[in-house]
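Beneath this line is the structure, given in structure tokens, with notes to follow.
By convention in this document, chain letters (A, B, ...) are assigned in the order of the sequence lines, proteins followed by strands, and residues within each chain are numbered from 1.
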There are 2 protein chains.
Amino acid sequence: MTGTEGAEEAPDPIRRRPGGRAARVRAAVLAAAMDALAEGGIAGFGVADVAVRAGVNESTVYRRWGSREKLLLDAMLTGSDAGIPVPDTGEVRTDLAAFARALAEYMATPLGGAVARAATLGSDDPVLAESWRTFWQSRLDQAGAIVRRGVERGELPPDTDTGLALELLCAPLQTRALLGHRPLEPDLPERLADVLLDGLRSRDRN
Amino acid sequence: MTGTEGAEEAPDPIRRRPGGRAARVRAAVLAAAMDALAEGGIAGFGVADVAVRAGVNESTVYRRWGSREKLLLDAMLTGSDAGIPVPDTGEVRTDLAAFARALAEYMATPLGGAVARAATLGSDDPVLAESWRTFWQSRLDQAGAIVRRGVERGELPPDTDTGLALELLCAPLQTRALLGHRPLEPDLPERLADVLLDGLRSRDRN
DNA sequence: ATCTTAACGCAAGTGCCCTTGCGTTAAATC
DNA sequence: GATTTAACGCAAGGGCACTTGCGTTAAGAT
């Protein structure tokens, strides 16, 4: 139902036009989307508004992206690549605490909150969910360097689960931002790093 | 702008009618909302649909609850009070693992996922956010018995932060369900309990 | 320079969330 | 039983996400 006159599904079914106006429109819309997110977060994020900001018709946005959620995803993938800096202080504890602190500050911004909220919305559609999975995996791999360096230095056992460790560190910060759980105390990042490394039972410090 | 002829803001400004039809309508709508959530989760949750299920006009729902999110909140507060059973096995580790397992299973159901998603939506409005805060606090207090019993038995230090401990246990499960992060492995609850108690460094078991 | 057509602008329309005015029902009071 | 009025049903409408058909623009190939 896709091919019309033979085997033409592998390389390029139809002639695309990646240069000129198309690229200009795409860049303008994504930039406008990031601006709108940075201003009002996800609450006031509307396709019509983004289209006006980009100087583009609303139908164009829907034809290229398909839905509000897909536009959100693409904007995140394109404009939020910088992400959170991964510290390298030479010690696992300080690295984890610094990363957690940076994450907490980022989640407090309209843009940071929008990332998490957009991801929750995208978990309905299986295709979007898969894209978000790779998005999170990419970020997890970056921050995973903290744990991997800790293992190399002998600070952590060799069989340490990198993903699980970072999940335990980041998940509380994300849920607080998402659910409005409770305010993010300034010392929370350090306390999370402490419990993560030593567990609840050994409370020698503090 | 609320009072019309004096000081009548403290006890009861106007004569309410808690009996009869009003209570019947309220119960019918909330029950219909829970049914709709259990079937399709938050995705297909519509006010018009709930109104039809309850045999009530749509405008009635909006006059009593105000918005889709407020209706969601009230339905959760009323119908999801049962919550997750808090185990009492006599040991902290097994209690934490069992509770985490029950939470993971609940979050996998349409209703469980709807609770978390409804809470993320409600974090925009300050009034709703406060209601959700008390909702989570109530659940946290219930589960906090696990940690408190552990402290009493001497399994945990006296200065253990109950809230932080449960947050570290539950947050990863919630983010996985909310963000579609990655599938919930069956052994995840136990591993979370292990790391939470002993930390990443002491990996004697496993 | 000319042709082909992907991509865009315009306009009309659907569905859902939400609001509002008006008449009606029925709960609470007398 | 008669009266008052809170709460409901009905109907019309605005706003936003999303779709679609049609004519126009301009990128890429000849």
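Note on A/Arg93 versus A/Asp198: salt bridge recorded, some NZ/NE/NH1/NH2 to OD/OE distance being below 4.0 Å. Taking the charged nitrogens against the carboxylate oxygens, A/Asp74 and A/Lys70 have no contact shorter than 4.0 Å, which rules out a salt bridge. The pair B/Arg176-B/Glu185 meets the salt-bridge criterion, since a charged nitrogen lies less than 4.0 angstrom from a carboxylate oxygen. With respect to A/Glu152 and A/Arg149, no salt bridge is recorded, no charged nitrogen being found less than 4.0 Å from a carboxylate O. Ion pair B/Arg53/B/Glu39 flagged as a salt bridge, since at least one NZ, NE, NH1 or NH2 atom sits closer than 4.0 Å to an Asp/Glu carboxylate oxygen.
Nearest heavy-atom pair, A/Ala33 versus A/Ala75, reported as atom, atom and distance to 0.1 Å: CB-CB, 4.1 Å. Contact between B/Glu155 and A/Arg201 at its shortest, heavy atoms only, is O-CD, 3.5 Å. Taking every heavy atom of both residues into account, A/Leu178 and B/Leu178 meet most closely at CD1-CD1, 4.0 Å. When all heavy atoms of B/Val147 and B/Thr160 are compared, the closest pair comes out as CG1-CG2, 3.9 Å.
Spacing between atom CG of B/Asp124 and atom C1' of C/dC17 amounts to 15 Å, rounded to whole angstrom units. One interatomic measurement links the two molecules: CG of A/Leu71 to P of D/dA17, which rounds to 11 Å at whole-angstrom precision.
Of the listed nucleotides (D/dC18, C/dC18, C/dA27), C/dC18 has the atom at the smallest distance from the side chain of B/Arg68.
For the segment residues 57-66 of chain A, the set of residues with a heavy atom within less than 4.0 Å of an atom of DNA chain D comprises A/Glu58, A/Ser59, A/Tyr62, A/Arg63, A/Gly66, in numerical order. Looking at residues 35-54 of chain A, you'll see A/Phe45, A/Gly46, A/Val47 sit with a heavy atom under 4.0 Å from some atom of DNA chain D.
Between D/dA27 and A/Arg24, a contact under 4.0 Å exists linking OP1 or OP2 to a side-chain N or O.
Note on the helix from C/dA1-D/dT30 to C/dC30-D/dG1: terminal axis deviation equals 30°, with five pairs used at each end and the result rounded to 10°.
There is a side-chain donor-acceptor pair under 3.5 Å between B/Ser123 and A/Arg117.
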